[in-house]
Amino acid sequence: MLLEGEGIDEIMIELYKALDAEGAVNTGTRGDMKEKLGVFFRITNPRARISRSQDRGKPFSALGELLWYLAGLNTLDFIKAYIPDYADDAENGVLAGAYGPRIHAMRGSINQLENVTALLRKNQPSKRAVIQLYDAADNDVYHKEIPCTTALQFLIREGRLHMSVTMRSNDAYKGLPHDVFCFTMLQEMMASRLGVELGNYLHYAASMHVYDESMEAMKRYIHEGHQKTIEMPPMPGGDPFPLTGRLMDAEAELRSGITIEAVKVFDDPYWADIVRLLQVFWATKKEDAPGFEDLDALKGEFHHEVYRTFLERRRKIRLIRNAGKKTSGEDCDVADKNR
Ligand SMILES: O=c1ccn([C@H]2C[C@H](O)[C@@H](COP(=O)(O)O)O2)c(=O)[nH]1
């Protein structure tokens, strides 16, 4: 199956319709599913990476996952705040298949991110800029969780950086929005680092599937009528990878309840807004979380107004939760990735 669209929603809507109508029934190790083998899609504007839909817009949990990758972590401790489902697959507090350590230190030492950067700096037309996530050892001994993504490849053509992602297995409902967010962010970070324009995002999954437990929600999305993707602003030029340390420090402060000012962390409005998203997440994470009362002011501080709807949505969810009521989409940004 081949799909092409400007942003993630154009892909999800067609993919979900096809899975619903034509997906073959398969009993997976994680439950019954409808599945299509060999799904390929191309996103022509990789910045259109966040769904506006109530259920599929995942900027907070996906951002947490991106930081986890960038920092090279495999610890449940960090990621469970953003994606609690990881707890089911952790072994002794770590995720065997975590991408971060493999990106930065495959087999304990190979820094694939730096290697592909050096390769593309030296030889722009290269077809070798591959970050391997799946390792031959992954099926050698049993692990609860191994990488679903086999490889990430970067290709520069006519001054634009394209990214190709291959997955052995992809949960179309819970996994896909996170995967597209994280990988297109890595693509844009890489484009900034290399000083080239952003190209297309290509994605291939051998098994694209939806579990029975997500079927109703997937159908709601199909009928929701809000499948308009939010385009993030362009990333500023320069190499953003060294900013990881500052982002992680800010995240740690927010997590421990310390109030911070995003402008003091980053002068640049793009990255300051990313810190503000983390502020919104932590200010709405728990009842009585510090910062909740400041959300109005924070809303005004967002440089890019695309993020304001997400702040409002999280605030609403928090208020409803505090009032003890439940709504669909309540956990729209916390418990939503299956591993
Ligand atoms: O980045 C990821 C990681 C995992 N999964 C999903 C795919 C599968 O539904 C499940 C892993 O189960 P196995 O394929 O390992 O059985 O997690 C994704 O969609 N994306």
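Read the numbers this way: they start at 1 and go in the same order the structure lists the ligands and their atoms.
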task = Would you please name every residue forming a side-chain contact (heavy atoms from CB on, under 4.5 Å) with Val275, sequence neighbours left out?
result = Leu247, Ala250, Ile260, Ala262, Val265, Phe266, Gln279
Proximal ligand 1 atoms for His209, defined as those under 4.0 Å from one of its heavy atoms = 7 (C), 8 (C), 9 (O)
request  = For the pair Arg49 (side chain) and Glu231 (backbone), establish whether a donor and an acceptor sit closer than 3.5 Å, ignoring hydrogens and angles.
outcome  = no
ask   = Does Arg255 count as lying over the ring of Phe78, i.e. NZ or CZ under 6.0 Å from the six-ring centre, within 45 degrees of the axis?
value = yes
inquiry  = Which option wins on minimum heavy-atom distance to atom 15 (O) of ligand 1: Glu145, His143, Arg168, His178?
reply    = Arg168
ask   = Gly175 heavy atoms, cut-off 4.0 Å: which ligand 1 atoms fall inside?
value = 19 (O)
task = Answer with yes or no after comparing the ring centroid distance for Tyr82 and Tyr86 against a 6.0 Å cut-off, counting only values under it.
result = no
Listed pairs under 3.5 Å, donor-acceptor, residues 288-304 side chains, sequence neighbours left out:
| residue | atom | partner | partner atom | Å |
| --- | --- | --- | --- | --- |
| Asp296 | OD1 | Arg315 | NH2 | 3.3 |
| Lys299 | NZ | Glu312 | OE2 | 2.9 |

key: Side-chain donor or acceptor of Thr150 paired with backbone N/O of Tyr134 under 3.5 Å   = no
inquiry  = Out of all atoms in ligand 1, which are within 4.0 Å of some heavy atom of Tyr211? Include the element for each.
reply    = 8 (C), 9 (O), 10 (C)
task = Return yes if some donor-acceptor pair links the side-chain N/O of Thr117 with the main-chain N/O of Leu113 below 3.5 Å, else return no.
result = yes
key: Contact partition for Met167 relative to ligand 1, non-hydrogen atoms under 4.0 Å   = side chain
key: Proximal atoms of ligand 1 relative to Ser169 (non-hydrogen, under 4.0 Å)   = 7 (C), 8 (C), 14 (O)
note = For Thr29, the ligand 1 atoms with a heavy-atom partner under 4.0 Å come out as 16 (O)
message = Heavy atoms only: which of Leu176, Val210, Asp171 lies closest to atom 19 (O) of ligand 1?
response = Asp171
inquiry  = Show the atoms of ligand 1 that are less than 4.0 angstrom away from any heavy atom in Asp179.
reply    = 1 (O), 2 (C), 18 (C), 19 (O), 20 (N)
task = Looking only at distances, please establish whether an N/O atom of ligand 1 is found under 3.5 Å from an N/O atom of Tyr99.
result = yes
